[in-house]
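Encoded as structure tokens, the structure appears first; notes follow it.
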Amino acid sequence: MILRALDLKSQIFLAITLIVAALVPVLNLYVPESSAFHVSSFAVALFGKYLTYALLAISVDLIWGFCGILSLGHGAFFALGGYAMGMHLMREIGDRGVYANPLLPDFMVFLNWKELPWFWHGFDMFWFACLMVVLVPGALAFVFGWFAFRSRVTGVYFSIITQAMTYALLLAFFRNDMGFGGNNGLTDFKDVLGYDLQSDTTRAGLFALSALALAGGFLICRLVVTSRLGKVLVSIRDAESRTRFLGYRVEGYKLFVFTLSAMLAGVAGALYVPQVGIINPGEFSPANSIEIVIWVAVGGRGLLVGAVVGAIIVNAAKTLLTGWVPEIWLFALGAIFIFVTLFLPKGVLGGLSAFVDLIGAKTKSKSEAKGPSSTAPQLAE
Amino acid sequence: MLRTLALSLLLAIGLGGAAAAQSLEELVAALPDGGYDDRAKIVRAIAATGDPRAIGILEALSEGDIQQLKSDNSVVRVQKGGAGYLIFDPVTGESRGDVKRRDADKVKVNNGLRREIAAVLGAMTLMSDDPNKRLEAAVTAFSTADPEQIGALDAAIEAETVDKVKKALRDARAASIMKSGASLEEKQEALDRLVGRGDRDALSIITAATQDKDPAVAKAAAEAQEKVERIRAMWSNAQNVWYGLSLGSVLMLAAIGLAISFGVMGVINMAHGELVMLGAYATYMVQEVIRNSAPHLFDYSLLIALPIAFCLSGGVGVAIERGVCRWLYGRPLETLLATWGVSLILQQTVRSIFGPTNKEVGNPSWMSGAFDIGQLSVTYNRLWIFVFALVVFGLLLLILKKTPIGLQMRAVTQNRRMADAMGVKTGWVDAMTFGLGAGIAGLAGVALSQIDNVSPNLGQGYIVDSFMVVVFGGVGNLWGALAGAFTLGVVNKFLEPYAGAVLAKVLVLVFIILFIQRRPRGLFALRGRAVEN
Amino acid sequence: MTVSTADTMLYLNGVSVAFDGFKAINELSLVLEEGEMRAVVGPNGAGKTTMMDIITGKTRPDKGEVIFAGNVDLTKHDEAGIARMGVGRKFQKPTVFETHTVEDNLLLSLKGSRGVFDLLFARRTKAEQARIDELLDLIRLGDRRSEKAAALSHGQKQWLEIGMLLAQDPKVLLVDEPAAGMTDAETMQTAELLRQVAGEHTVMVVEHDMDFVRALGVKVTVLHEGSVLAEGSLDHVSSNPKVIDVYLGR
Ligand SMILES: Nc1ncnc2c1ncn2[C@@H]1O[C@H](COP(=O)(O)OP(=O)(O)O)[C@@H](O)[C@H]1O
Ligand SMILES: [Mg+2]
């Protein structure tokens with residue numbers, strides 16, 4: 001089954017990701033700064049962040065590209081995963097906070113709270129936090145999806161209510177009474193599993209972990225989309241009622257991928273938080289979730305690798321432009337949205353491979369054996 | 001004149017006739033003599049003269065500014081200044097030079113005397129010739145609710161000719177009665193009066209009375225308390241309904257343009273909020289021009305801004321439709337993303353031109369201020385926006401029902417393919433529809449500029465809410481948008497007192513998410529195959 | 001009606017449904033015996049597609065009975081459940097999975113488990129492959145098996161959809177206007193195909209094309225304004241004055 005999931009392109013992608021996972025930390029830690037091959041710690045942190053975005057983008061592509069579900073609230077699952085990890089990191093600060101309270105995080109002491117709220121219990125254990133990183137987003141997605149899919153809320157309606165979902169969470173998390181640090185969120189983390197979060201080694205380790213998580217997420221998604229289940233998902237995307245009349249309970253399949261996708265997003269969020277050192281309600285903002293979708297669209301939907309490429313391209317552009325002339329960034333982002341939807345519906349990778357196929361067809365080399373264009377996912381079983 | 005007479009009479013009673021016939025000068029000169037009780041008598045006598053100058057003297061006395069000179073034992077009014085005090089004749093007010101501080105002794109007043117002075121002063125202002133002053137005095141009397149002033153109040157009520165003041169005086173009397181040792185009947189009457197007043201001050205007096213020593217009074221007060229609370233609850237519900245309707249009218253303005261384009265074209269225009277924002281900025285620019293070149297037109301600024309905002313936003317809307325949406329028909333999700341891109345560009349454009357900060361947009365005079373209906377307070381700007389929203393709604397209904405373009409829009413809403421086949425130029429209808437929806441967004445912007453901060457982020461704040469309205473009300477149906485907006489507005493405002501503003505909003509969002517599960521097409525959904533597929 | 005439901009495959013009794021007050025189906029009663037093929041004709045808007053919507057669970061009737069295989073009340077089940085019980089449906093507008101290959105279209109239609117996790121780990125068995133090959137022969141698409149369905153012609157898509165229906169191995173086949181948009185030759189081939197499958201399956205065909213109906217050579221039900229106007233052989237119904245009125249009168 002794994003072999004089936006790994007066609008040549010996927011193998012190349014996985015190989016690159018694994019090489020990056022190993023190489024970048026080595027270049028950062030063991031190559032002297034004077035060397036041209038040295039990777040700065042800043043770059044490690046930055047690219048580590050991109051890798052978590054890439055995983056998030058993959059999770060969106062899984063549902064949008066393959067099942068036609070456009071979630072405009074995936075940032076919420078990302079943020080929830082982030083909060084779960086952030087809560088662990090908060091607990092791990094222990095009595096080294098400003099108020100030196102061994103049990104309560106600083107912001108609770110500040111709010112004059114006397115006890116740890118019930119939902120903060122257990123987060124002192126790393127394994128528990130890790131469990132919550134997938135369970136909380138998964139559970140929310142399951143409940144939300146169960147309601148939505150069962151009532152056949154589809155298309156733009158679904159997109160809109162996912163926006164409402166993340167907006168509601170945004171407002172809720174802004175409240176101090178919620179017990180998640182309100183406006184400021186969770187920050188000032190010290191270490192994870194005893195490793196200092198500021199040290200280069202830990203950061204390099206987190207980078208490697210993010211790359212591995214990306215590879216793992218990619219593999220899981222490939223396994224799903226290349227299975228017969230994956231074919232059903234595409235069928236749902238293309239002709240939902242036909243699929244129903246063939247005896248498939250569409251809501252079950254949607255619920256499955258939606259929940260799986262939310263869990264992947266949660267993992268991405270959990271890796272993101274220790275690398276950027278903060279999680280706040282801003283991550284729930286509706287605009288964020290829409291931006292994720294454009295990463296996928298830029299790279300090319302329904303390709304998985306496209307999502308990764310898109311996430312990296314867009315975020316690199318964001319870093320460069322906001323550093324250079326901040327005002328330009330929103331113009332550029334807006335233009336990307338319009339350009340991609342109008343002129344590059346298959347995204348950069350889709351467009352590229354269509355182009356390559358065109359050249360291939362022109363040169364007429366073994367075009368018969370290769371079959372039609374590979375812009376859509378290869379689903380050979 | 002009648003008033004002065006009444007006052008003299010009233011004060012004379014307390015005086016026991018002792019110092020009755022003395023002149024103001026003599027009375028003032030006598031102030032330092034004797035103890036506090038004597039002084040109190042003189043104070044009443046001064047007041048009883050009915051002389052307007054008495055007020056100033058008594059106030060000065062209460063402040064400790066009436067002093068006796070050691071040199072000649074004469075009584076003066078002092079004012080700090082020069083080496084020590086500037087001194088004046090207390091009655092005529094003419095200057096008598098200055099003295100060192102230690103050359104004068106205070107005419108002593110204790111707290112009891114001060115109260116006495118306040119009471120007679122109150123009684124005197126109750127008799128002032130200026131009705132506003134009398135009203136003010138009555139309001140003060142209500143809040144002090146001193147049983148001592150009942151006599152003065154009775155006299156004032158007797159003499160009062162202005163209804164409003166009379167009513168205030170009666171209220172003050174009732175309040176004072178509650179604190180006095182009056183009989184049960186009297187207190188019952190006072191309670192009824194306070195219930196009729198029914199506001200928070202009345203409630204606190206009644207509540208205090210529930211602790212009355214007389215169990216009968218306490219019982220009557222408890223009943224009255226219940227009544228007042230019921231009345232107050234009713235008014236506060238009414239207030240909430242009004243707030244809700246007001247919020248609803250804002251939501252409707254923001255959402256109705258969206259409802260049109262969503263309904264007719266099935267596309268989501270994520271830039272709708274920015275079109276609203278453009279309308280608000282159009283208002284700002286109009287006001288800038290008016291401020292600089294024709295300030296007398298300021299009251300008309302909104303009326304001038306309306307057509308400009310409509311054309312600006314409408315024009316941008318048509319451009320969006322022709323430039324972007326047209327190429328994406330049948331791909332609603334892509335349209336959503338592309339228009340989101342447009343919204344970012346519009347936002348940043350405005351930010352680059354006008355800066356990121358809030359712009360000052362003024363309220364014309366007819367838009368500012370408030371008035372009360374019972375315990376309901378209504379601000380003019382909210383009221384006008386409410387009216388405006390209904391007018392826009394009505395006009396839109398007319399356009400859709402009575403004009404050819406409206407007919408074509410409805411045809412396209414119900415069955416695009418069929419309309420196309422019947423020769424409706426769907427492309428043109430789409431552009432017009434989108435333009436109309438966008439133009440209304442511009443109008444909404446003019447209204448919102450009056451109650452919200454005009455900044456590049458203005459639109460962002462409304463986009464999710466407007467979608468909720470559209471989705472909740474049902475797509476392609478104006479009445480749905482109306483019902484949706486007002487329902488959500490009212491529900492929101494009723495939740496707020498219990499849950500707080502933020503949580504109320506969260507609850508409303510959750511409610512809508514659940515609601516869509518029950519009715520995926522909204523409250524007033526169109527049915528039919530064309531819509532379903 | 002006094003028909004016992006025990007020996008019937010599909011039994012509709014007194015079914016009505018209204019959309020916003022408009023009665024699309026009005027007291028419709030209809031019986032299909034096991035193994036029978038029935039042609040349903042009627043002017044546009046007569047309610048033929050709506051009738052299929054009701055049988056397949058897409059539309060809930062306001063009242064009336066819909067009984068399948070003698071004892072199953074179809075109004076209590078959803079589309080997927082009804083499909084799994086063995087009611088296959090071909091849409092009026094041909095609907096196939098355009099981005100899947102012809103072969104995959106059939107594979108997904110094959111009778112078998114529909115569980116999410118079963119599908120995640122499903123492998124193509126020999127039996128499945130054999131059945132796919134058989135169907136590809138039947139619908140004459142063997143040489144296009146690995147092409148995307150999008151590349152097929154309109155008529156081929158209709159066949160592929162019929163093939164997908166057969167792949168489900170349904171007890172009842174509901175076929176909505178299979179000949180629409182086909183050439184005459186294709187139409188005849190389609191009629192042939194349907195006759196071929198009839199014996200094993202109960203088939204209900206909706207069609208406008210009288211030549212096609214004649215070619216089927218089966219009992220005909222005429223639907224008009226949501227209820228049955230006439231029933232019998234084609235010659236019998238077409239001489240019925242009411243039917244002539246309905247068809248020529250408009
Ligand atoms: N979901 C629906 N909503 C509203 N009207 C419908 C719906 N389904 C069918 N109708 C109406 O019911 C009538 C019957 O339609 P249909 O069954 O498609 O006719 P036929 O297939 O015989 O041509 C038509 O007038 C159609 O508009
Ligand atoms: Mg039909």
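This structure is a prediction, so every number in the text was calculated from the model and none was measured. Order of the sequence lines sets the chain letters (A, B, ...), proteins ahead of strands, with each chain counted from 1.
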Gap between atom [atom2] of [Y] and atom [atom1] of [X] - 0.5 Å precision:
X	Y	atom1	atom2	result
Y248(A)	R242(A)	OH	CZ	11.0 Å
L247(B)	M252(B)	CG	CE	12.5 Å
M468(B)	N492(B)	CE	CG	13.0 Å

Parallel, tilted or perpendicular: which describes the rings of Y284(B) and Y281(B), with under 30° parallel and over 60° perpendicular?
perpendicular
Should the ring pair F258(A) and F149(A) be called parallel, tilted or perpendicular, given that the plane angle runs from 0 to 90° and is split at 30 and 60?
perpendicular
Select one option (side chain, backbone, both, neither) describing which atoms of [X] are under 4.5 Å from chain A's heavy atoms.
X	result
L337(B)	both
I268(B)	side chain
L514(B)	side chain
T349(B)	both
V464(B)	side chain

Kindly check if the number of other-residue, nucleotide or ligand heavy atoms within 6.0 Å of CZ (F110(A)) is above 12?
no
Taking K254(A) first and then E251(A), would you say they form a salt bridge - that is, a charged N and a carboxylate O separated by under 4.0 Å?
no
Any salt bridge between K318(A) and E291(A), counting N to O under 4.0 Å?
yes
Pick from [options]: which one has the most heavy-atom pairs with chain B under 4.5 Å?
options	answer
L171(A), D177(A), L72(A)	L171(A)
I290(A), I161(A), L342(A), V153(A)	I290(A)
M178(A), R175(A), R150(A), M165(A)	R175(A)
G155(A), P345(A), G334(A)	G334(A)
A148(A), G68(A), A335(A)	A148(A)

Out of T339(B), L328(B), V510(B), which one racks up the most heavy-atom pairs below 4.5 Å with chain A?
L328(B)
So, does D61(A) use its side chain to make a donor-acceptor pair with the main chain of L303(A) at under 3.5 Å?
yes
Atom group of [X] that falls short of 4.5 Å from chain B, counting heavy atoms:
X	result
V293(A)	side chain
W64(A)	side chain
A332(A)	neither

